[in-house]
Amino acid sequence: QVRLVESGGGLVQAGGSLRLSCTASGFIFSRYAMGWFRQALGKEREFLVGISRNGGFTQYTDSVKGRFTISRDNAKNAVHLQMNSLRPEDTAVYYCSADFASSPSAVPVREYDYAFWGQGTQVTVSS
């Protein structure tokens with residue numbers, strides 16, 4: 001059974017940091033590119049960042065470049081999202097996702113590319 005479980009969300013003041021983690025099971029983690037998306041209240045889910053299956057390639061959306069950093073540990077079946085300089089507009093539910101990657105350098109950026117999804121973790125940034 002495929003599972004993606006996010007953790008690390010919470011309430012933080014503007015300018016603060018959070019580290020999200022996603023632990024995977026039920027599939028061969030090292031064969032999958034991983035992504036983080038978020039969905040704010042009343043808005044569509046948006047792509048934030050993705051990482052290739054070997055961790056060598058990443059893609060960031062402009063709004064989080066320089067503030068967020070994705071990393072993965074294939075030995076522990078985990079992907080992390082370090083979020084610094086958080087802003088109130090970063091408030092959302094954050095989702096971890098996985099996509100089978102035929103290429104070691106592939107980093108999908110479209111929501112429909114991703115086959116597996118976690119349940120999400122709430123991040124709230126107060127002003």
Side-chain angles (χ1 to χ4, degrees):
Q1 181 181 2
V2 171
R3 290 192 71 196
L4 293 173
V5 180
E6 301 96 338
S7 61
L11 174 64
V12 64
Q13 289 189 331
S17 298
L18 283 174
R19 178 177 168 87
L20 304 184
S21 294
C22 173
T23 302
S25 60
F27 62 97
I28 302 175
F29 184 74
S30 62
R31 293 184 182 178
Y32 284 71
M34 300 297 295
W36 285 96
F37 289 71
R38 70 184 178 192
Q39 186 168 21
L41 193 62
K43 296 187 177 181
E44 294 186 352
R45 189 155 56 185
E46 63 170 335
F47 171 82
L48 294 180
V49 57
I51 188 167
S52 61
R53 68 188 195 193
N54 64 6
F57 298 88
T58 57
Q59 289 282 349
Y60 291 85
T61 195
D62 286 346
S63 62
V64 305
K65 280 181 182 177
R67 300 190 299 126
F68 291 11
T69 303
I70 190 171
S71 61
R72 66 186 295 161
D73 185 343
N74 284 353
K76 296 183 178 179
N77 286 4
V79 61
H80 307 284
L81 183 63
Q82 178 67 43
M83 305 187 296
N84 299 327
S85 303
L86 283 162
R87 306 165 179 168
E89 54 264 39
D90 293 317
T91 295
V93 178
Y94 284 68
Y95 297 91
C96 171
S97 56
D99 173 54
F100 179 77
S102 58
S103 164
S105 62
V107 183
V109 299
R110 298 169 299 190
E111 184 175 350
Y112 60 78
D113 287 326
Y114 287 85
F116 305 144
W117 293 85
Q119 293 299 308
T121 185
Q122 177 70 46
V123 171
T124 303
V125 184
S126 63
S127 57

- Is there a side chain to side chain contact (heavy atoms under 4.5 Å, CB included) between Trp117 and Arg45 once you walk through the steps? CA-CA 12 Å; Trp117 293 85; Arg45 189 155 56 185; 3.6 Å; yes
- Query: Where do Leu81 and Val79 land on the side chain to side chain contact (heavy atoms under 4.5 Å, CB included) test, with the steps shown first?
  - Reply: CA-CA 7 Å; Leu81 183 63; Val79 61; over 6 Å; no
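Shortest non-hydrogen contact noted between Ser30 and Asn74 is CB-ND2, 3.8 Å. The two atoms that bring Val107 and Phe57 nearest to each other are CG2-O, 3.6 Å, heavy atoms only. In terms of heavy-atom proximity, Tyr114 sits nearest to Ala33 at CE2-O, 4.2 Å. Counting all heavy atoms, side chain and backbone alike, Asp90 lies closest to Ser85 at OD2-O, 4.4 Å. Of all heavy-atom pairs spanning Gln122 and Val93, the tightest one is OE1-CG2, 3.3 Å. Taking both residues in full, the closest heavy atoms of Met34 and Cys22 are given as CE-SG, 4.5 Å, listed atom of the first, atom of the second, then distance.
Under the 4.5 Å side-chain criterion, counting only non-hydrogen atoms from C-beta, Phe68 is not in contact with Thr61. Between Ile51 and Trp36 the shortest side-chain heavy-atom distance does not fall below 4.5 Å. Residues Glu111 and Glu44 form no side-chain contact, since every pair of their non-hydrogen atoms from C-beta on lies 4.5 Å or further apart.
Expressed to the nearest 0.5 Å, how far CD of Gln59 lies from CZ of Phe47 amounts to 6.5 Å. Between atom CE of residue Met83 and atom OG1 of residue Thr69 there is a gap of 11.0 Å, rounded to the nearest 0.5 Å. Atoms CD and CG, on Gln82 and Leu20 in that order, are 9.0 Å from each other to the nearest 0.5 Å. In this structure, the separation between CG on Asn54 and CZ on Arg31 is 14.0 Å, given to the nearest 0.5 Å.
Looking at Phe27, Tyr32, Phe29 one by one, the single match for ring-ring contact (aromatic ring centres under 6.0 Å, His included) with Phe100 turns out to be Tyr32.
Remark: the backbone N or O of Cys96 is paired with a side-chain donor or acceptor of Glu6 at under 3.5 angstrom. In terms of modelled atom types and a separation under 3.5 Å, the side chain of Thr124 and the main chain of Thr91 share no donor-acceptor contact. Panel note: side chain Arg72, backbone Gly55; no donor-acceptor pair is recorded below 3.5 Å. In terms of modelled atom types and a separation under 3.5 Å, the side chain of Arg53 and the main chain of Ala106 share no donor-acceptor contact.
Ionic pairing of Asp62 and Lys65 is present here: one or more N-O contacts between side-chain nitrogen and carboxylate oxygen are shorter than 4.0 angstrom.
Between the side chains of Ser105 and Ser103, at least one donor N or O sits under 3.5 Å from an acceptor N or O.
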